[in-house]
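Notes follow the structure.
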Amino acid sequence: MYWSKLFIPTLREAPAEAEVVSHKLLLRAGYVRQLAAGLYSYLFLAQRSILKITAIVREEMDAIGAQEFLLPALNPAELWQESGRWDAMGANMFRLQDRFGRDLCLGMTHEEVMTSIARGELRSYKQLPQIWYQIQTKFRDEPRPKSGLLRVRQFIMKDSYSFDLAPEGLDVSYEKHRQAYCRIFDRCGLKYVTVEAHSGAMGGSQSQEFMVASDAGEDWVVECPACGYAANSEKAVAVAAPPQAADPDGDFTPEEFHTPGRKTIAEIAEFTGLPATSQMKSLVMVADGAPVLALVRGDHQLSETKFQTATGADECRAANAEEIRQWFGADAGSLGPVGAKNMRLMIDETLRGRRNLIAGANKDDYHLKNVTPGEDFQAEFIDLRQVVEGDTCAGCGGRVKLTKMVEIGHIFKLGYKYSKSMGLRITTEEGQETAPIMGSYGIGIERILSAAVELYHDKDGMMLPPPIAPFTVVITPVNFGDTAQREAAERIYSECKRAGLDVVLDDRDERPGVKFKDADLVGIPYRVTVGKKLPLGLVEVVERRERKSQDLPVDQVAAHLRELL
RNA sequence: CGGGGCGUGGCUCAGCCUGGUAGAGCGCCUGGUUCGGGACCAGGAGGUCGAAGGUUCGAAUCCUUCCGCCCCGACCA
């Protein structure tokens, strides 16, 4: 293709609305344009990358025996009502009505539709296992779309679903996906980690996420470099740093003391002269409408995900000021476990064995000292806190590190949630009816592109891995008006084409600097510069990432690049 | 939904406080000179200043309401 004929609207400056690197570069390099919050048009270059990514995904999915479908994005309400998710999805689901007033939604994911196909067609254990997938557009009415293509309201997902007779079969389907995902992300040139993920409150037994490190990410991943442990912080377990002061030894009873105007952990620490680790932080939560008091060490944060999982509730939130007043007779800042009535108490494992701690007195402007869990109040010990930097690995004792990451894929053992709620039954070898066990597996296609840009860029632009770059070679004659340069460039161009390379010839009547800048910005992995060395029969082959340059005779360029790519 | 910021040619922004005939740079078009890292000269096109209402002789500028976009938080199968 000839650059002068292509629509590649590069910008010298990034539009003001872009903040994260991948967003800025995708706009500047002319890959995408924004239509509205969380809605992007993919222009020529982005579409080329996306086609390359989806081709890789397709090959690897096909290789594990998965079969490609294409399901409607528009779904009838009834299907989602059967699984219970018409209500559960809440405001995150786009809903609409047809001309007859029938409720419809735009699919956020396709467990329901896949299950409805399965229950209509699958009859016998002989038909299992099945893996069905699609590469299709998903819609989610995100409360806050952000970060360019990283969090959007419409995006392309590869989603697959496995149906197996028994858990051992699901293990196999799951493992096939795990390996296929590794191959996909390897082939896309990404540096990623696989982490244990939160499986949700509704009984999924196992799930893993594929994550790429990026400051633009929204998840924190806890990793132990020593033993390789890696988990999403929503689920991660680690050993907390020991308390900064030893607990008073002795069998004391709780004793009230006046703390006028001191409400925060830091204020109490300053007032008492004891560190935050000597305090219990009391958090009043509401789980499915019922109050629950969650207790963590003063310097720790409650993990709401762990909390929700522990309660088994569908919906959790922090209590508001009126509720707290009503339940405790005091305001936030003076709350504690002693005397908390008519509610469940949960306490973080880190506080097991601690004695004579400080907590709120449930009386405004008063706190208690000498509060001992298990003696002065009863609570369920559960891991509730967020892992922090400085904790040590529960497995090997190494120091864990936390890294912000973007989720690009998620594999999930679903269990029987959909097969049971939607009445999918097959007949076993023994002639009994049984519900197949399911798995679901997702890859965010645009996130692969964005994550690659986040991972590989410099001040001049993108440095996309060749397998997903829109072009792999650009031929840049310094002066296209020069006959010798033009002829050499065209010759190399057609030889590259014949060698099967994705090549573009920059035939624009621009100064060389403009062409070099655009090639760098767009992130084409190799550039062939046809210029001053041509009289010697030589051109330069420049590698984008390292900027390594090599002079080659005109007739060897295509073969050389063919080797590299 | 709470908090903050921003909306002025395609892009980046000035002008707004203190009301008085809409600007710059880049980009675009024409002609010329250039040609190894975003050239130079000359000429030119392009804007209902987010929208509506109000105040005023007069509103980009002041007031009210609404809309949109971004950021932080809440939320996130």
Side-chain angles (χ1 to χ4, degrees), chain A residues 9-20 23-24 27-28 30 33-40 80 83-94 105-112 138-148 150-153 155 157 159 161 197-202 204 207 209 216-219 232 234 304-305 308 314-318 320 406-407 410 412 414 417-418 440-442 444 459-461 476-482 485 506 508-522 527-534 539-540 542 547 549:
Chain A
T10 57
L11 300 170
R12 282 181 188 235
E13 289 167 291
E17 70 265 17
E19 192 114 337
V20 309
H23 189 199
K24 282 184 183 167
L27 288 168
R28 276 195 64 204
R33 287 295 182 262
Q34 184 172 21
L35 185 63
L39 299 175
Y40 286 84
W80 289 77
S83 71
R85 293 209 292 183
W86 179 259
D87 293 322
M89 290 301 192
N92 258 25
M93 189 151 74
F94 279 106
C105 66
L106 296 176
M108 314 174 62
T109 172
H110 280 76
E111 281 82 2
E112 280 80 358
K138 301 287 184 258
F139 297 86
R140 295 179 189 184
D141 196 357
E142 292 289 343
R144 185 149 96 82
K146 58 189 242 192
S147 310
L150 286 174
R151 186 161 213 80
V152 290
R153 296 193 291 173
F155 60 96
M157 184 186 236
D159 48 322
Y161 306 86
H198 169 62
S199 337
M202 60 221 195
S207 94
E209 290 166 329
E218 298 184 79
D219 288 292
N232 193 307
E234 289 179 342
E304 292 202 19
T305 308
Q308 180 165 355
D314 291 326
E315 212 182 309
C316 288
R317 61 173 173 86
N320 60 40
V406 175
E407 178 188 345
H410 198 162
F412 192 72
L414 272 181
K417 177 178 165 68
Y418 299 93
S440 84
Y441 318 87
K459 64 174 175 46
D460 293 314
T476 310
V478 168
N479 182 354
F480 197 66
D482 180 281
Q485 285 188 18
D506 195 346
R508 291 177 297 169
D509 182 20
E510 290 285 356
R511 293 172 60 84
V514 174
K515 293 186 270 197
F516 295 155
K517 289 285 184 191
D518 275 346
D520 287 351
L521 183 57
V522 166
R527 187 183 78 218
V528 180
T529 307
V530 182
K532 60 191 173 197
K533 292 170 191 161
L534 187 61
V539 297
E540 285 166 42
V542 186
R547 297 201 187 283
S549 171

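Computation of the quantities below employed the complete heavy-atom set of this structure, encompassing side-chain atoms and omitting hydrogens, waters and symmetry-equivalent molecules. The shown structure was predicted, so the numbers you read here are calculated from the model rather than taken from an experiment.
Distance noted for atom P between B/rC75 and B/rA39: 50 Å (whole Å). Using atom P as the reference point in both B/rC49 and B/rG25, the two lie 23 Å apart (nearest Å). For B/rU65 and B/rG23, the C1' atoms lie 30 Å apart once the distance is rounded to whole Å. B/rC63 and B/rG20 have their P atoms separated by 15 Å, given to the nearest Å. Nucleotides B/rA60 and B/rU55 are separated by 16 Å at their P atoms, to the nearest Å. For the C1' atoms, the distance linking B/rG73 with B/rG58 amounts to 44 Å, nearest Å. Atom C1' of B/rC11 sits at a distance of 12 Å from the matching atom of B/rC28, rounded to the whole Å. Rounded to whole Å, the separation between the C1' atoms of B/rG38 and B/rG43 comes to 23 Å.
Looking at residues two or more places apart in sequence or on another chain, you find a ring-ring contact (aromatic ring centres under 6.0 Å, His included) between A/Y40 and A/H23.
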What string of B, S and - do you get for nucleotides 32-47 of chain B 5' to 3' if you count protein non-hydrogen atoms under 4.0 Å?
-> --BBBBBB--------

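Of all nucleotides present, only B/rG32 satisfies the Watson-Crick or G-U wobble test against B/rC40, with each distance under 3.5 Å. Pairing of B/rG25, defined by two Watson-Crick or G-U wobble distances under 3.5 Å, is identified with B/rC11. B/rG53 is paired with B/rC63 under the Watson-Crick or G-U wobble criterion, all donor-acceptor distances under 3.5 Å. Across all strands shown, B/rC75 remains unpaired; no Watson-Crick or G-U wobble contact has both distances below 3.5 Å. If you check B/rG68 for Watson-Crick or wobble pairing at under 3.5 angstrom, you find it paired to B/rC6.
Remark: P of B/rC76 and CD of A/E209 are 14 Å apart, rounded to the nearest angstrom. One interatomic measurement links the two molecules: CD of A/Q34 to P of B/rG68, which rounds to 13 Å at whole-angstrom precision. What separates CG of A/L35 from P of B/rG68 is a distance of 13 Å, to the nearest Å.
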Between the protein and nucleotides 71-75 of chain B, which nitrogen or oxygen pairs are less than 3.5 angstrom apart?
from	atom 1	to	atom 2	distance (Å)
B/rC71	OP1	A/S147	N	3.3
B/rC72	OP2	A/R144	NH1	3.3
B/rC72	OP2	A/R144	NH2	2.7
B/rC75	OP1	A/E304	OE1	3.1

Can you check side chain to side chain contact (heavy atoms under 4.5 Å, CB included) on A/E407 and A/E218, steps first, answer last?
-> CA-CA 8 Å; A/E407 178 188 345; A/E218 298 184 79; over 6 Å; no

A/R28 vs A/L521, side chain to side chain contact (heavy atoms under 4.5 Å, CB included): CA-CA, chis, key distance, verdict = CA-CA 8 Å; A/R28 276 195 64 204; A/L521 183 57; 3.9 Å; yes

Stepwise side chain to side chain contact (heavy atoms under 4.5 Å, CB included) check, A/Q485 with A/F480 = CA-CA 6 Å; A/Q485 285 188 18; A/F480 197 66; over 6 Å; no

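For A/D460 against A/R547, the heavy-atom pair with the smallest separation is OD2-NH2, 2.6 Å. A pairwise comparison of heavy atoms in A/S549 and A/E540 identifies OG-OE1, 3.8 Å as the closest pair. Contact detail for A/K515 and A/R508: the closest heavy-atom pair is NZ-O, 3.3 Å.
Within 4.0 Å (heavy atoms only), A/A18 reaches no atom of the nucleic acid at all. A/A36 comes within 4.0 angstrom of sugar-phosphate atoms only, judged by non-hydrogen atoms across all strands, and of no base. Nucleic acid contact for A/M108: none, since no nucleic acid atom lies under 4.0 Å from a heavy atom of the residue. A/A318 comes within contact range of no nucleotide atom at all, as no heavy-atom separation falls under 4.0 Å.
Expressed to the nearest 0.5 Å, how far CD of A/Q34 lies from CG of A/L27 amounts to 7.5 Å.
Under a 4.0 Å N-O distance rule, the pair A/E111/A/R85 qualifies as a salt bridge.
Figure legend: cation-pi geometry between A/R153 and A/F94 absent, as NZ or CZ is not positioned both under 6.0 Å from the six-membered ring centre and within 45° of its axis.
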